[in-house]
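Treat the numbers as computed from the prediction; the structure is a model and nothing was measured.
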Amino acid sequence: ERKMMNISSVLIIAKEAHHKALREDIAKIEHCSVELVEGEKLIVLIESENLDDELKAYKALEALKNTSAVSMVFSYQDLDEDIKNIKGEVPKSLQENIKAENIKYHASIVDEY
């Protein structure tokens, strides 16, 4: 069975003097790797099998010391498994092809339905 991955890239801004310590701290965070360093910017890749692990990794990046900013740049989630785990019927809005501007964000599909 093929496992889908959630993939996100995170931009971290930090003074270059802190890069060595940051890289060591990031290496300790499960699912994270530093992919690019340029000037004060570090690009970190998060690769996880589920949304919960991805969010835990992102929260750990946000908690790092000596950063000026931590921002999600790109995120792809394979939500098929999460949708299957919803108790009850899949909401009609997830079954239809609706325009993005008509979608309301509720933070968690499981909590909303």
message: Within the structure provided, determine whether Lys15 and Asn66 are in side-chain contact (heavy-atom separation under 4.5 Å).
response: no
- prompt: Do Glu24 and Lys20 meet the salt-bridge criterion of a basic N to acidic O distance under 4.0 Å?
  reply: yes
query: If every non-hydrogen atom of Leu11 is compared with every non-hydrogen atom of Lys41, which pair is closest and at what distance?
result: CD1-CB, 3.8 Å
message: When you group the ILVMFWY residues by side-chain heavy-atom contacts below 4.5 Å and let the links chain together, are Ile12 and Val34 in the same group?
response: yes
- prompt: Can you check whether Leu61 reaches Ile46 side chain to side chain, under 4.5 Å on heavy atoms?
  reply: yes
field: Gap separating the CZ atom of Arg23 from the NZ atom of Lys28, nearest 0.5 angstrom
entry: 14.5 Å
- prompt: Can you find a pair of side-chain heavy atoms, one from Glu40 and one from Ser68, that are under 4.5 Å apart?
  reply: no
- line: Contacts of Asp52 meeting side chain to side chain donor-acceptor pair (under 3.5 Å) (sequence neighbours excluded), chain-then-number -> none
- prompt: Taking only residues two or more places apart in sequence or in another chain, which ones pass side chain to side chain donor-acceptor pair (under 3.5 Å) with Glu35?
  reply: Ser33
- prompt: Does the side chain of Val37 reach to within under 4.5 Å of the side chain of His19, using non-hydrogen atoms?
  reply: yes
Expected output: side-chain Asn6 to main-chain Glu49 donor-acceptor under 3.5 Å: no
message: Quick check: is Ile29 connected to Leu42 through a chain of hydrophobic side chains (ILVMFWY, heavy atoms under 4.5 Å apart)?
response: yes
- request: Classify the side-chain pair Glu30/Ser48 by whether it contains a donor and acceptor separated by less than 3.5 Å.
  value: no
query: In terms of hydrophobic clusters joined by side-chain contacts under 4.5 Å, are Ile7 and Val44 together?
result: no
- prompt: Going hydrophobic residue to hydrophobic residue with side-chain gaps under 4.5 angstrom, can you get from Val70 over to Phe74?
  reply: no
query: Which residues pass the side chain to side chain donor-acceptor pair (under 3.5 Å) test with Ser9, sequence neighbours left out?
result: none
query: Between atom CG of Leu45 and atom NE2 of His31, what is the distance when rounded to the nearest 0.5 Å?
result: 12.0 Å
query: Which heavy atom of Lys65 sits nearest a heavy atom of Leu22, and at what distance?
result: O-CD2, 3.5 Å
task: Supply the atom-to-atom distance His18 NE2 to Ile13 CD1, rounded to the nearest 0.5 angstrom.
output: 13.5 Å
message: I want to check something: taking the side chain as every heavy atom from C-beta on, are Val73 and Val10 in contact at a cut-off of under 4.5 Å?
response: no
query: What's the shortest heavy-atom distance between Tyr76 and Ser8, and which atoms?
result: N-OG, 4.4 Å
